[in-house]
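Worksheet: one structure, shown below.
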There are 2 protein chains.
Amino acid sequence: MAADADGAKERRSIARELKRGSLELIILHLLSPGEAYGYEIVSKLIAETDGALELSDGTLYPVLYRLERGEFVAVRWETPERGVPRKYYRLTEKGREQLERLKYEWTTFANAMRSLLDQDRSAK
Amino acid sequence: MAADADGAKERRSIARELKRGSLELIILHLLSPGEAYGYEIVSKLIAETDGALELSDGTLYPVLYRLERGEFVAVRWETPERGVPRKYYRLTEKGREQLERLKYEWTTFANAMRSLLDQDRSAK
DNA sequence: GTATAATATCTTGCGTAACAAGATAGATGG
DNA sequence: CCATCTATCTTGTTACGCAAGATATTATAC
């Protein structure tokens, strides 16, 4: 049905917009316990949020490259005896600071939204 | 100082990204108690969030136009005896439904983020 | 009376981020 | 040898927020 299709498309695009500005935080956060490689990050995120948050590899790699360029993460290639080579990412000190800062920015914004939305708008 | 300037610029740009996907919700919410005109919406938002959330008119009008095109808001011009003509916006029924839906989408996303960030990442 | 500021709306152009789609390549299994 | 899985990377599209500027009317100041 058209209504379903449109609804789904629109819902996807809302989720897409909401993620803007949050993905770097998400990824830095997922890297905070230790190093991980790209595919691992994708599955970690889906697992730890029960699918509430997702990202595709086509989204992830550009973000990782951005983080690498900004020296928020450092990189190490590992070629296992069997299997495809993996690129492991880990937080730098600068990345850890950025994580704290982004967490603060996000929380501040979310709290402002929350308190605005919680106001009863029917009684002025 | 360069560090301060960069920090401020970066903070602004983070706030900018975070707003994506939230502005429609914010505006629909501000219109829910009754009609308002553009400039009024801007000052309302700043006042009600103590400046934590802001938007400029150059941002607002395109969003209002989008909402109008989607029939989420209806429009009425008013030319007061003294003063510049004002364009008043009010929610339609469809707009009220959209408001509920966006509120749900936003809350779902924010809760997922919150619960992810609240996890202690140092203990795997 | 003429600047200047304030109120109010609208438009253009830019930068950037998320993502779909597809390319690449080695490993595994039938 | 063909398909499928793991894993990474690239290209192009789309849409949004916003800075900057245009326009018009009214109010204030000099």
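In what follows, chains carry the letters A, B, and so on, assigned in the order in which the sequence lines appear, proteins first and then strands, with residues in each chain numbered from 1.
If you check dG17(D), dT8(D), dC10(C) against the side chain of Lys87(A), the one that comes closest is dT8(D). Nearest nucleotide to the Glu17(A) side chain, out of dC16(D), dG17(D), dA17(C): dC16(D). The side chain of Trp77(B) lies closest to dT9(C) when the candidates are dG26(C), dT16(C), dT9(C). With distances taken from any side-chain atom of Asp57(A) to the nucleotides dC18(D), dT8(D), dC10(C), the minimum falls on dT8(D). The side chain of Tyr39(A) lies closest to dT8(D), out of dG17(D), dC19(C), dT8(D). Of the listed nucleotides (dT10(D), dT9(C), dA7(D)), dT10(D) has the atom at the smallest distance from the side chain of Pro62(A).
Atom CD of Glu40(B) sits about 11.5 Å away from atom CG of Leu60(B), to the nearest 0.5 Å.
Among the atoms of the strands shown, only primed sugar atoms or phosphate atoms (P, OP1, OP2) are found under 4.0 Å from some heavy atom of Gly38(B). Contacts of Gly58(B) with the nucleic acid, taken as non-hydrogen atoms under 4.0 Å apart, include base atoms. Residue Arg82(A) is in sugar-phosphate contact alone, with no base atom involved, counting any heavy-atom pair closer than 4.0 Å across all strands shown. If you check every strand for non-hydrogen atoms under 4.0 Å, Arg86(A) touches sugar and phosphate atoms only. Within 4.0 Å (heavy atoms only), Tyr65(B) reaches no atom of the nucleic acid at all.
Regarding contacts with the backbone of dA18(C), a side-chain N or O of Arg66(A) is found under 4.0 angstrom from either OP1 or OP2. Phosphate contact (OP1/OP2 of dC18(D), side-chain N/O of Thr59(B), threshold under 4.0 Å): present. Side-chain nitrogen and oxygen atoms of Tyr61(A) include none within less than 4.0 Å of the OP1 or OP2 phosphate oxygen of dT10(D).
Taking every heavy atom of both residues into account, Leu45(B) and Leu53(B) meet most closely at CG-O, 3.8 Å.
Regarding Ile14(B), its CD1 atom lies at a distance of 12 Å from the P atom of dA18(C), rounded to whole Å.
Judged by a 6.0 Å distance limit and a 45° cone about the ring axis, Lys87(A) is not positioned over the six-membered ring of Tyr37(A).
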